[in-house]
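Here you go, one structure.
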Amino acid sequence: MKILQKLLIVSILFINICKTELQSQSIPSYWMNYYQLDNLYEIHNGEIDQIVVTSKEFYSSGKSYKSKWIFNFLNPNLCKGEYYNNGDLQTYFTYTLNSNNQKVKISTKEKLVFGGWQVEKKEFEYLNGRRIAERHLNSQDQLIREAKYIYDSSNYLIKLSINEAYETAKYDHSNQTYVYQVFDNSNSQILNQINFANISKRENEKNEFGDLTKVKWPTSDPKKNVFHTLEYKYDQNGNWIIRKRYIEINGSKTIKSKMKRKIKYKN
């Protein structure tokens with residue numbers, strides 16, 4: 001019972017999942033989203049007017065669902081768009097980007113399950129390409145919560161604080177693990193466990209365009225070799241327009257998703 005209570009507290013404090021993207025509101029979710037494979041608006045070359053992304057996700061149960069994103073670029077640093085789930089409009093969003101294509105501001109209007117819409121805003125700060133602060137605001141620009149990120153010399157996240165609560169990670173590179181600890185706003189420890197992460201990245205691979213083609217996916221079973229592999233088709237500008245993503249477990253490969261991007265370039 002105590003373990004369930006702890007996990008519930010951790011979920012409330014640190015996990016924030018947005019329909020359009022995953023945000024690193026905990027150290028485990030930071031590692032889950034480390035490779036930024038969901039930055040679907042990013043390209044290598046050209047000036048974009050619009051990108052339409054369609055995706056079909058496949059599950060082991062045999063079920064699948066479809067998603068669609070529309071990114072309209074008002075200029076290289078301002079993007080407005082929509083997100084659809086199985087054909088239903090779920091979210092309006094606006095991204096403000098910096099010169100490195102990183103989001104510095106996000107504004108979303110999301111459909112609620114029981115009707116109506118919810119507006120939320122996020123602001124981000126970066127230092128040397130790494131996110132160091134994240135602020136969540138309500139529709140009146142009032143601060144809801146603030147997250148701060150601290151990294152070690154290897155650029156790995158070692159501390160994440162949200163308001164007065166915080167969590168830490170101490171890495172064991174040889175075993176691809178880290179000690180994960182969570183503390184509440186009174187500095188009392190509520191969780192202490194060992195997690196797995198692809199810390200070394202030595203088994204990852206990229207193609208000639210710089211896109212990831214193979215990512216080691218750590219599991220709690222050291223005998224289980226799990227990889228995410230990706231296959232691409234590119235347009236004449238060197239930007240991918242089809243991406244297939246597979247999960248490979250001990251050599252057996254199963255498709256997980258297929259994405260298509262229709263890219264409209266500015267004249």
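Values below: all heavy atoms of this structure, side chains included; hydrogens, waters and symmetry mates excluded.
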No-hydrogen, no-angle side-chain donor-acceptor test under 3.5 Å, N239 and Y265:
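Distance-only check passes for N239 and Y265.
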Would K105 pass as a cation-pi partner of F124, given that its NZ or CZ must be under 6.0 Å from the six-membered ring centre and within 45 degrees of the axis?
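No cation-pi geometry.
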Separation of R131 CZ from K148 NZ (nearest 0.5 Å):
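The CZ atom of R131 is 15.5 Å from NZ of K148, to the nearest 0.5 Å.
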Search all heavy atoms of Y83 against all heavy atoms of S67 and return the closest pair with its distance.
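Scanning both residues completely, I find the closest heavy atoms to be OH-OG, 3.5 Å.
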As an exercise, state the distance from CD of E164 to CG of N187, rounded to the nearest 0.5 Å.
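Separation between the atoms: 10.0 Å.
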Could you check whether any side-chain N or O of D172 sits under 3.5 Å from a backbone N or O of T177, counting only pairs where one atom can act as donor and the other as acceptor?
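No, D172 side chain to T177 backbone: no donor-acceptor pair under 3.5 Å.
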Using a 4.5 Å cut-off on heavy atoms from C-beta on, say whether the side chain of K56 contacts that of S257.
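No, side chains not in contact.
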Please answer: with hydrophobic residues joined when any side-chain heavy atoms are less than 4.5 Å apart, are L212 and Y246 in the same cluster?
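Different hydrophobic clusters.
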Please list, chain by chain and in numerical order, all residues satisfying side chain to side chain donor-acceptor pair (under 3.5 Å) with Y84, sequence neighbours excluded.
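If we apply the side chain to side chain donor-acceptor pair (under 3.5 Å) test to Y84, skipping adjacent residues, the hits are E82.
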Does the side chain of S252 come under 3.5 Å of the side chain of N250 through a donor N or O and an acceptor N or O?
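No, N250 and S252 have no side-chain donor paired with an acceptor closer than 3.5 Å.
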What I'd like to find out is whether the side chain of F183 reaches to under 4.5 Å of the side chain of L191, using heavy atoms alone.
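Counting from C-beta outward, F183 and L191 never come under 4.5 Å.
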Non-neighbouring partners of N204 that pass side chain to side chain donor-acceptor pair (under 3.5 Å), sequence neighbours left out:
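Expected list: Y35, N198.
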State yes or no: are the ring centers of Y171 and Y156 separated by less than 6.0 Å?
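Judged by ring-centre distance (under 6.0 Å), Y171 and Y156 do meet the cut-off.
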F196 ring center near W31 ring center (under 6.0 Å):
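Ring centres of W31 and F196 not closer than 6.0 Å.
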Do V179 and Q193 come within less than 4.5 Å of each other through their side chains, counting heavy atoms only?
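A side-chain contact is absent here, since even the closest heavy-atom pair is not under 4.5 Å.
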Counting only heavy atoms not in K121 (residues, nucleotides, ligands), do more than 12 fall under 6.0 Å from its NZ?
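More than 12 within 6.0 Å, yes.
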Among all residues two or more places apart in sequence or in another chain, which pass the side-chain contact (heavy atoms from CB on, under 4.5 Å) test with Q50?
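Once residues adjacent in sequence are excluded, the partners of Q50 under the side-chain contact (heavy atoms from CB on, under 4.5 Å) criterion are V52, I70, N72, K264.
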Would you call K253-E231 a salt bridge at under 4.0 Å N-O?
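Here K253 pairs with E231 in a salt bridge, since their nearest N and O are under 4.0 Å apart.
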Can you name the nearest heavy-atom pair linking N45 to G238, along with the distance?
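Closest pair (atom of N45, atom of G238, distance): ND2-CA, 4.4 Å.
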Residues forming a side chain to side chain donor-acceptor pair (under 3.5 Å) with S55, sequence neighbours excluded
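S55 satisfies side chain to side chain donor-acceptor pair (under 3.5 Å) with E57 only.
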Checking K216 against N225: is there a side-chain donor and acceptor pair closer than 3.5 Å?
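Note: N225 and K216 side chains meet the donor-acceptor criterion.
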Worked check of side chain to side chain contact (heavy atoms under 4.5 Å, CB included) between L97 and F73
CA-CA 11 Å; L97 309 173; F73 285 84; 4.2 Å; yes
Do N195 and Y180 have side-chain N/O donor and acceptor atoms under 3.5 Å apart?
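No pair is found: no donor N or O on one side chain lies under 3.5 Å from an acceptor on the other.
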Measure the spacing between CD1 of I106 and OG1 of T108 and express it to the nearest 0.5 Å.
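It is 8.0 Å, given to the nearest 0.5 Å.
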Is it possible for you to say whether V104 and L137 belong to one hydrophobic cluster, with membership spreading through side-chain heavy-atom contacts below 4.5 Å?
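Different hydrophobic clusters.
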With sequence neighbours left out, what residues match K170 under salt bridge (charged side-chain N to carboxylate O under 4.0 Å, His left out)?
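Listed in chain order: nothing, the list is empty.
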Under the side-chain contact (heavy atoms from CB on, under 4.5 Å) rule, collect the residues that match up with E208, sequence neighbours excluded.
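By the side-chain contact (heavy atoms from CB on, under 4.5 Å) rule, E208 matches no residue at all.
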Is there a path of hydrophobic side-chain contacts, each under 4.5 Å between heavy atoms, that joins I263 and W69?
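Looking at the clustering, W69 is in the same group as I263.
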Nearest heavy-atom pair of P76 and E47: which atoms, and what distance?
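Looking at all heavy atoms of both residues, the closest pair is CG-OE2, 4.3 Å.
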Other members of the hydrophobic cluster containing L78, with the 4.5 Å side-chain heavy-atom rule, please.
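Grouped by the 4.5 Å side-chain rule, L74 form the rest of the cluster around L78.
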Do the side chains of N98 and N77 get nearer than 4.5 Å, heavy atoms only?
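Counting from C-beta outward, N77 and N98 never come under 4.5 Å.
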Rounded to the nearest 0.5 Å, how far does CG of L143 lie from CG of N138?
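With rounding to 0.5 Å, CG (N138) is 9.0 Å from CG (L143).
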At what distance, to the nearest 0.5 angstrom, does CG of L230 lie from NZ of K244?
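If we round to the nearest 0.5 Å, L230:CG and K244:NZ are 12.5 Å apart.
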Test: ring pair (Phe, Tyr, Trp, His ring centres under 6.0 Å). Region: residues 43-63. Which pairs qualify, not counting sequence neighbours?
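Ring pair (Phe, Tyr, Trp, His ring centres under 6.0 Å) check on residues 43-63 returns Y59-Y65.
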By salt bridge (charged side-chain N to carboxylate O under 4.0 Å, His left out), which residues pair with D88, not counting sequence neighbours?
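Partners of D88 by the salt bridge (charged side-chain N to carboxylate O under 4.0 Å, His left out) criterion come out as none, since no residue qualifies.
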Is there a side chain to side chain contact (heavy atoms under 4.5 Å, CB included) between Q118 and K109 once you walk through the steps?
CA-CA 5 Å; Q118 176 177 290; K109 181 180 177 182; over 6 Å; no
How about I249: does its CD1 atom have over 12 heavy atoms from other parts shown lying under 6.0 Å from it?
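It does: I249 CD1 has more than 12 such atoms within range.
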ILVMFWY cluster, V215 and I247 together (side-chain gap under 4.5 Å):
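Yes, V215 connects to I247 through the hydrophobic network.
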Do side-chain atoms of N163 reach the backbone of A165 as a donor and acceptor pair under 3.5 angstrom?
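Judged by distance alone, no pair lies under 3.5 Å.
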Mark yes when over 12 heavy atoms from residues, nucleotides or ligands other than K256 sit less than 6.0 Å from its NZ; otherwise mark no.
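Buried by this count: over 12 neighbours within 6.0 Å.
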Assess whether atom NZ of K266 is packed by more than 12 heavy atoms of other residues, nucleotides or ligands within 6.0 Å.
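Yes, because the 6.0 Å sphere around NZ of K266 holds more than 12 heavy atoms from other groups.
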By ring pair (Phe, Tyr, Trp, His ring centres under 6.0 Å) - contacts of Y234 (at least two apart)
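Once residues adjacent in sequence are excluded, the partners of Y234 under the ring pair (Phe, Tyr, Trp, His ring centres under 6.0 Å) criterion are F209, Y232.
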Residue that, paired with L157, satisfies side chain to side chain contact (heavy atoms under 4.5 Å, CB included) out of I27, D152, I150
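Testing L157 for a side chain to side chain contact (heavy atoms under 4.5 Å, CB included) against I27, D152, I150 leaves exactly one candidate, I27.
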Within-4.5 Å side-chain heavy-atom neighbours: H228 and K214
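Side-chain contact under 4.5 Å: no.
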What pair of heavy atoms forms the shortest contact from K111 to W117, and how long is it?
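Looks like N-CE3, 3.3 Å.
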Do the non-hydrogen side-chain atoms of K258 and I242 ever get within less than 4.5 Å of each other?
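In short, these two side chains touch, coming nearer than 4.5 Å.
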L40 versus R243: any side-chain heavy-atom pair under 4.5 Å?
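Of all side-chain heavy-atom pairs linking R243 with L40, at least one is under 4.5 Å.
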State which residues pass ring pair (Phe, Tyr, Trp, His ring centres under 6.0 Å) with F227; sequence neighbours excluded, sorted by chain then number.
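In terms of ring pair (Phe, Tyr, Trp, His ring centres under 6.0 Å), with neighbours along the sequence ignored, F227 is linked to no residue.
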Quick one: are I51 and I43 in side-chain contact, heavy atoms under 4.5 Å?
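A side-chain contact exists here, since the closest heavy-atom pair is under 4.5 Å.
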Which atom of Q102 lies closest to which atom of G129, heavy atoms considered:
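Looking at all heavy atoms of both residues, the shortest contact is NE2-O, 2.9 Å.
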Contacts of S188 that satisfy side chain to side chain donor-acceptor pair (under 3.5 Å) - sequence neighbours left out
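Expected list: S186.
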Distance from E205 atom CD to D211 atom CG, nearest 0.5 Å?
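One finds 13.5 Å between CD of E205 and CG of D211.
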Are E110 and Y92 close enough that a side-chain donor and a side-chain acceptor fall under 3.5 Å?
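Absent: no donor and acceptor within the cut-off.
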Can a salt bridge be assigned to the pair R135 and E123 using a cut-off of 4.0 Å between side-chain N and carboxylate O?
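Salt bridge flag = yes for E123 with R135.
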Is the F93 to F71 ring centre distance short of 6.0 Å?
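Yes, close enough.
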Can you check whether Y41 and Y95 have ring centres sitting under 6.0 Å from each other?
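Yes - the distance between ring centres of Y41 and Y95 falls below the 6.0 Å cut-off.
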Closest heavy-atom contact between R261 and E42?
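The pair with the smallest heavy-atom distance is NH1-O, 2.9 Å.
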